[in-house]
Number of protein chains: 2
Amino acid sequence: MTLRSVGTRSARGKAARFSPRAARTELRRTEIFHSLGLVLQERGIAGITMDEIAQRLGMTKGSLYYYFKDKDDLLYQCHMRAMEVSLRALREAAGLRLPPDERLRRVLVAHIRGITDEVYGAVVLTDIESLSRPRRRRYVAKRDLFERAVRDMIAEGIREKVFREVDVKLAGFAMLGAINWISKWYSPDGPWTSAQIAEGFADFLLAALRP
Amino acid sequence: MTLRSVGTRSARGKAARFSPRAARTELRRTEIFHSLGLVLQERGIAGITMDEIAQRLGMTKGSLYYYFKDKDDLLYQCHMRAMEVSLRALREAAGLRLPPDERLRRVLVAHIRGITDEVYGAVVLTDIESLSRPRRRRYVAKRDLFERAVRDMIAEGIREKVFREVDVKLAGFAMLGAINWISKWYSPDGPWTSAQIAEGFADFLLAALRP
DNA sequence: CCTACCGATCGGTAGG
DNA sequence: CCTACCGATCGGTAGG
């Protein structure tokens, strides 16, 4: 699984063929992810029922099964979509040939904004243990790809002396954990815009790596 | 609600009177919290059923209702217990008259070890939205007490020039978020001991505050 | 602390 | 995309 091959196809694994019908379905799927994110924020994990998600869209739960095979599939697709946003940021930053600290900063900012701006980024708070084994395997593979890329940037920064010597894996856990937790407390009505949080967090976390 | 008045009474609000009977009940409650933590780690949030928690202790779920009023009560008491561990660390560090950075370091280390050593620290991963309103209120009050104390230490460090100027609230969110997320990936069989994680995280997070 | 049971919730489906 | 429904799970209780 190379970096370039990830996320270039639609969540369903079909090549994107731009038929109006497929586009409408894809749009509806995104709206369902959005609804899932809102339910998660307001009602908590236990509130994620097919009924709740559907009602916010003026649908009944039965209709959701037109877009997703089952609840497990819906959660899985949402996880994948959120991760694809971050992987896209990774690929874009990789193409820019920036020093590792600046590249890491851009990836973190994009990753954070992906979590806050698309509400469904909060899906990271749900447990992956309830996903079916093959789905969990595929999701974890994608997540590991992102985590490893972050660690690689930290390691590169250490080699180039722009970062101090830290345990790369532990630092990665700390940085990504702080970011994942944002979905727990973030509200668009809060004291900061999502851009301020993204910049503030990236600055704070990068500071922990400075020599 | 002052700092000193918190956590000096048992979780049930009764004065601790050291009868053997009460002590046995209290011990059993702790075992139930422990079982809850294990279920959470292995099966995820959706796996937290009264049945699962009981079975690990060789009980049937009906017996749990001898120790807790209902499932909501069990989760609430577990939340409170975990927070009391951290508040105790706070009070101990407060008594030592250390510089703010060293005091903060000790609190973070104790807070992290509370989460990793007592498995039920993972209860922070469950949502408080499903708690009854009065319980959520009481828990949030206790949690805010801890969060505010952390922010106060950061602010004090800034005033004393041992920390650089940061947004105190945002820094607090980042530090505590990184720590809360530990329960998601920590395993006693992993590459680090809980002591190493605690020291490593405290060092990393404190570094982000250095001028 | 257990057995036996209920009632409600919720995922999922049939048929349209 | 909806209505009407089922089947299973799970919290909780009665009675011991």
Side-chain angles (χ1 to χ4, degrees), chain A residues 19-36 38-40 42-79 123 126-133 135-136, chain B residues 19-36 38-40 42-79 123 126-133 135-136:
Chain A
S19 75
R21 183 183 163 74
R24 191 159 37 81
T25 301
E26 203 49 34
L27 186 68
R28 206 67 172 132
R29 284 215 184 95
T30 303
E31 287 172 351
I32 294 171
F33 293 148
H34 186 82
S35 177
L36 165 60
L38 289 177
V39 170
L40 183 53
E42 289 171 31
R43 293 246 194 284
I45 298 168
I48 306 179
T49 64
M50 298 301 272
D51 243 328
E52 273 280 339
I53 296 167
Q55 272 178 32
R56 258 165 226 259
L57 296 168
M59 299 194 296
T60 55
K61 66 173 173 176
S63 313
L64 293 178
Y65 292 86
Y66 173 75
Y67 298 99
F68 298 97
K69 192 171 169 295
D70 50 31
K71 189 187 179 187
D72 195 57
D73 184 43
L74 165 55
L75 284 167
Y76 166 70
Q77 301 288 348
C78 190
H79 264 109
V123 75
T126 67
D127 38 46
I128 57 173
E129 285 83 358
S130 55
L131 295 181
S132 74
R133 278 197 166 280
R135 285 181 181 134
R136 185 164 72 244
Chain B
S19 75
R21 183 183 162 75
R24 190 158 39 82
T25 301
E26 202 50 33
L27 185 67
R28 205 69 172 132
R29 283 215 185 93
T30 303
E31 289 172 347
I32 294 170
F33 292 149
H34 185 82
S35 177
L36 166 60
L38 289 178
V39 170
L40 183 52
E42 290 173 28
R43 292 247 194 284
I45 297 167
I48 306 179
T49 64
M50 297 303 269
D51 243 329
E52 273 279 338
I53 296 167
Q55 271 178 33
R56 256 167 229 256
L57 297 168
M59 299 194 295
T60 55
K61 67 172 173 178
S63 312
L64 293 177
Y65 293 85
Y66 174 76
Y67 298 99
F68 298 97
K69 192 169 169 297
D70 51 31
K71 189 187 178 185
D72 195 58
D73 184 42
L74 165 55
L75 284 167
Y76 166 69
Q77 301 288 349
C78 191
H79 264 110
V123 76
T126 67
D127 37 45
I128 58 174
E129 285 84 357
S130 54
L131 295 180
S132 75
R133 277 196 168 280
R135 286 182 181 134
R136 186 163 72 244

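Residue numbers begin at 1 in each chain, while the letters A, B, ... track the order of the sequences.
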*Whole-Å distance between C/dC1 C1' and B/Arg56 CZ?*
20 Å
*Dot-bracket for DNA chain C, 5' to 3', counting Watson-Crick or G-U wobble pairs under 3.5 Å, with [ ] for crossing pairs and | for inter-strand pairs?*
||||||||||||||||
*asked:* How many whole angstroms separate atom CZ of A/Phe68 from atom C1' of D/dC1?
replied: 15 Å
*Using a cut-off of 4.0 Å on non-hydrogen atoms, how would the nucleic acid contact of A/Thr60 be classed: base, sugar-phosphate, or nothing?*
base
*Interatomic distance, A/Leu74 CG vs C/dC10 C1' [rounded to whole Å]*: 15 Å
*Walk me through it: do A/Met59 and A/Glu31 pass the test side chain to side chain contact (heavy atoms under 4.5 Å, CB included)?*
CA-CA 12 Å; A/Met59 299 194 296; A/Glu31 287 172 351; over 6 Å; no
*Out of C/dT13, D/dC1, D/dG11, which nucleotide sits closest to the side chain of A/Tyr67?*
D/dC1
*Rounded to whole angstrom units, what separation is found between the OH atom of B/Tyr66 and the C1' atom of D/dG16?*
15 Å
_Nearest to the A/Met59 side chain among D/dC1, D/dG11, C/dC1, which nucleotide is it?_
D/dC1
*Given side chain to side chain contact (heavy atoms under 4.5 Å, CB included), test A/Arg135 with A/Asp73 step by step and report yes or no.*
CA-CA 8 Å; A/Arg135 285 181 181 134; A/Asp73 184 43; 3.6 Å; yes
*Checking all strands, does A/Ile48 fall into the base, sugar-phosphate, or nothing category for heavy-atom contacts under 4.0 angstrom?*
sugar-phosphate
*Is A/His79 reaching over with its side chain to a backbone N or O of A/Leu75, donor-acceptor style, under 3.5 angstrom?*
yes
*B/Phe68 ring center near B/Phe33 ring center (under 6.0 Å)*: yes
_Sidechain-backbone polar pair: A/Asp72 side chain, A/Ser132 backbone, donor-acceptor under 3.5 Å_ = yes
*How is B/Gly58 classified with respect to the nucleic acid when contacts are heavy atoms under 4.0 Å: base, sugar-phosphate, or nothing?*
sugar-phosphate
_Among C/dG11, C/dC1, D/dG11, which nucleotide has an atom closest to any side-chain atom of B/Tyr65?_
D/dG11
*Mind calculating the distance between CD1 (B/Ile53) and P (C/dC1) to the nearest angstrom?*
15 Å
*Partner residues of A/Glu129 under the side-chain contact (heavy atoms from CB on, under 4.5 Å) criterion, sequence neighbours left out*: A/Asp127
*Separation of C/dT9 P from B/Asp72 CG (nearest whole Å)*: 16 Å
*Using only heavy-atom distances, decide whether a donor-acceptor pair under 3.5 angstrom links the side-chain of A/Lys71 to the base of C/dG12.*
no
*Using whole Å, report how far NZ of B/Lys61 lies from C1' of D/dG11.*
6 Å
*Full working for side chain to side chain contact (heavy atoms under 4.5 Å, CB included) between B/Thr49 and B/Arg43*: CA-CA 10 Å; B/Thr49 64; B/Arg43 292 247 194 284; over 6 Å; no
*Atom CZ of B/Arg29 and atom C1' of C/dC1: how far apart are they, to the nearest Å?*
15 Å
*asked:* Counting only side-chain nitrogens and oxygens, does A/Ser63 get under 4.0 Å of the OP1 or OP2 atom of D/dC1?
replied: no
